[in-house]
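Inspection log for the structure reproduced underneath, given as structure tokens.
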Number of protein chains: 2
Amino acid sequence: MKRNKHGCDLKSCFLCQLCSKDWLPALDTHRQSFHVNKGEMLFSEGSEVTGIYFIYKGTFKVHKKWTDDKELIVRLAKDGAILGHRGLGNDIYYPVSATALEPSEVCFIDLGFFQSTLKVNYQFLYELMMFFAGELKESEKRMRNLAHMPVKGRIAQALLSMHAKFGTTADGFIDINLSRQDLASYTGTTYETVFRIMNEMVQEGSLALQGKHICILDTNKLNEHAGE
Amino acid sequence: MKRNKHGCDLKSCFLCQLCSKDWLPALDTHRQSFHVNKGEMLFSEGSEVTGIYFIYKGTFKVHKKWTDDKELIVRLAKDGAILGHRGLGNDIYYPVSATALEPSEVCFIDLGFFQSTLKVNYQFLYELMMFFAGELKESEKRMRNLAHMPVKGRIAQALLSMHAKFGTTADGFIDINLSRQDLASYTGTTYETVFRIMNEMVQEGSLALQGKHICILDTNKLNEHAGE
DNA sequence: CGAGGCCTTGAACAAATTCAACAGAAGTGG
DNA sequence: CCACTTCTGTTGAATTTGTTCAAGGCCTCG
């Protein structure tokens with residue numbers, strides 16, 4: 001496995017892309033690599049913010065607790081993505097948790113050094129600001145959908161966006177390993193409802209299921225529900 | 001009314017606060033002041049982003065359309081707040097609209113100059129990034145609440161946050177002029193439901209109503225519904 | 001191989017929306 | 001200034017959507 005100086009060889013990792021060259025050695029000194037097992041929490045809601053993570057390889061769900069048995073998945077993240085940036089700001093506690101959906105590798109940068117990076121690398125700070133702007137837009141769009149779109153549309157939307165983000169395996173199934181439970185948490189509903197609605201979609205011929213794996217057969221039909 | 005160089009005398013306006021002194025004259029050249037009537041849109045969803053606004057005086061709702069008769073109010077903003085920052089990013093169209101809830105004064109800065117400001121004023125860029133981080137946290141919290149909290153809790157929450165943000169008039173009523181329709185759009189429900197639930201709250205003695213004006217009598221009782 | 005978690009299904013239930021109807025307030029235009 | 005229209009507020013009843021409860025089967029992991 002090829003790695004560059006600071007342990008990350010991914011084009012999509014904007015930390016790599018945007019830091020000035022002369023900063024990389026310092027970055028390399030300060031980063032730490034971690035392995036995270038499936039189901040393991042990288043950080044958890046309410047715990048103190050110690051730094052920022054970048055996903056080297058793997059998939060994570062970022063989720064926010066409601067009651068003991070209810071949560072909302074706020075974001076799904078994969079290779080190259082930043083994690084823990086919600087810890088920035090006045091509050092020193094993470095407002096969300098991050099859990100690995102598969103065995104993953106991450107790179108950790110402590111908060112102090114991350115902030116120094118921001119000070120020195122204007123371009124990085126600018127991109128980070130833009131990234132936040134994008135996330136905010138996305139979040140507010142999902143918020144509106146959660147408020148007004150019926151469950152079927154939200155599930156259609158979720159499937160389409162997962163399809164777009166994670167692509168498909170060779171045999172056409174969406175390349176992510178997400179339980180129905182998680183899909184429910186992602187769409188703000190219950191797993192029973194997810195199950196029922198996905199069955200409907202299979203009846204309609206827009207979806208094919210094989211165990212927990214999902215294959216989108218008819219994008220148009222899903223789009224009808226998802227709107228726009 | 002005292003104004004500083006660029007037409008804004010508010011402590012809470014972080015553009016004023018964070019720009020370097022030598023930048024202010026340039027800022028002054030580029031800003032334009034606008035009056036906005038009650039009910040008038042400052043910018044509307046889908047229209048092209050031309051620049052950034054700061055509220056000099058007044059109140060705005062920032063809202064996102066769903067169908068013709070449904071929307072979600074994403075944010076309420078008052079004196080000193082930034083508006084239109086959701087227009088930053090790759091997309092060149094506003095993802096939301098902003099409508100004045102009362103006669104208001106705003107200050108406009110065209111996008112090109114705003115971006116120059118970001119390049120020159122590191123501190124401002126940093127604060128803007130942090131501001132976005134805060135907004136994102138807030139948004140995701142609201143998203144979770146929308147997904148899992150029953151309507152009564154969401155209304156309680158909304159009232160409490162409006163109380164905190166806008167304060168009260170001399171006679172104790174929340175100092176904002178929001179229709180039930182808008183309150184419904186803010187909490188992601190219908191105006192009939194808002195009405196019924198607020199009646200319940202009056203019965204319980206946690207609220208007093210006088211026309212469209214709302215007075216919180218018992219913060220604790222509301223908090224019971226709002227959780228946390 | 002046992003236990004716990006996840007999937008599957010049906011039926012009862014509840015929360016909130018929709019529909020309908022009217023009263024009052026606020027604005028509009030002659 | 002008054003009639004008219006439109007918007008907001010108020011209320012009850014019907015309806016729908018989605019949740020909750022319950023229970024059995026399956027799969028996986030230790």
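Every value quoted in this text rests on a predicted model; they were computed, and no experiment measured them. Every chain is numbered from 1 and lettered A, B, ... according to where its sequence line falls, protein lines coming before strand lines.
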Both conditions, 6.0 Å and 45 degrees, for the charged tip of A/R142 above the ring of A/Y186: are they met here?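 Yes, a cation-pi geometry.
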
Could you state the atom-to-atom distance from [atom1] of [X] to [atom2] of [N] in whole Å?
{"X": "A/E200", "N": "C/dT9", "atom1": "CD", "atom2": "C1'", "value": "14 Å"}
{"X": "A/L209", "N": "C/dC6", "atom1": "CG", "atom2": "C1'", "value": "15 Å"}
{"X": "B/M198", "N": "D/dT10", "atom1": "CE", "atom2": "C1'", "value": "12 Å"}
{"X": "B/M149", "N": "D/dG18", "atom1": "CE", "atom2": "P", "value": "21 Å"}
{"X": "B/D69", "N": "D/dT6", "atom1": "CG", "atom2": "C1'", "value": "16 Å"}

Nearest nucleotide by nearest heavy atom, which residue falls closer to the 5' end of DNA chain C, B/K38 or B/K70?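 Nearer the 5' end of the strand: B/K70.
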
Please list, in numerical order, the residues of residues 186-197 of chain B that have a heavy atom closer than 4.0 Å to any atom of DNA chain D.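 B/Y191, B/E192, B/F195, B/R196 - these, ordered by number, are the residues of the stretch whose heavy atoms sit under 4.0 Å from the strand.
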
Member of B/E140, B/E138, B/E135 meeting the salt bridge (charged side-chain N to carboxylate O under 4.0 Å, His left out) criterion with A/R86: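 Checked B/E140, B/E138, B/E135 against A/R86; only one passes salt bridge (charged side-chain N to carboxylate O under 4.0 Å, His left out): B/E140.
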
State whether a side-chain donor-acceptor pair under 3.5 Å links A/N37 with A/H35.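 Present: a donor and an acceptor within the cut-off.
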
Between B/V62 and B/V96, is any pair of side-chain heavy atoms under 4.5 Å apart?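 Of all side-chain heavy-atom pairs linking B/V96 with B/V62, at least one is under 4.5 Å.
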
Could you pull out all donor-acceptor pairs under 3.5 Å where a side-chain atom in residues 97-104 of chain B meets a protein atom, sequence neighbours excluded?
residue : atom : partner : partner atom : Å
B/S97   : OG   : B/E45   : N            : 2.8
B/T99   : OG1  : B/H63   : NE2          : 2.6
B/E102  : OE2  : B/T59   : N            : 3.3
B/E102  : OE2  : B/T59   : OG1          : 2.3
B/S104  : OG   : B/T59   : N            : 3.4
B/S104  : OG   : B/E102  : O            : 2.7

D/dG9, OP1 or OP2 - any side-chain N/O from B/N199 closer than 4.0 Å?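 B/N199 to D/dG9 OP1/OP2: no side-chain N or O under 4.0 Å.
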
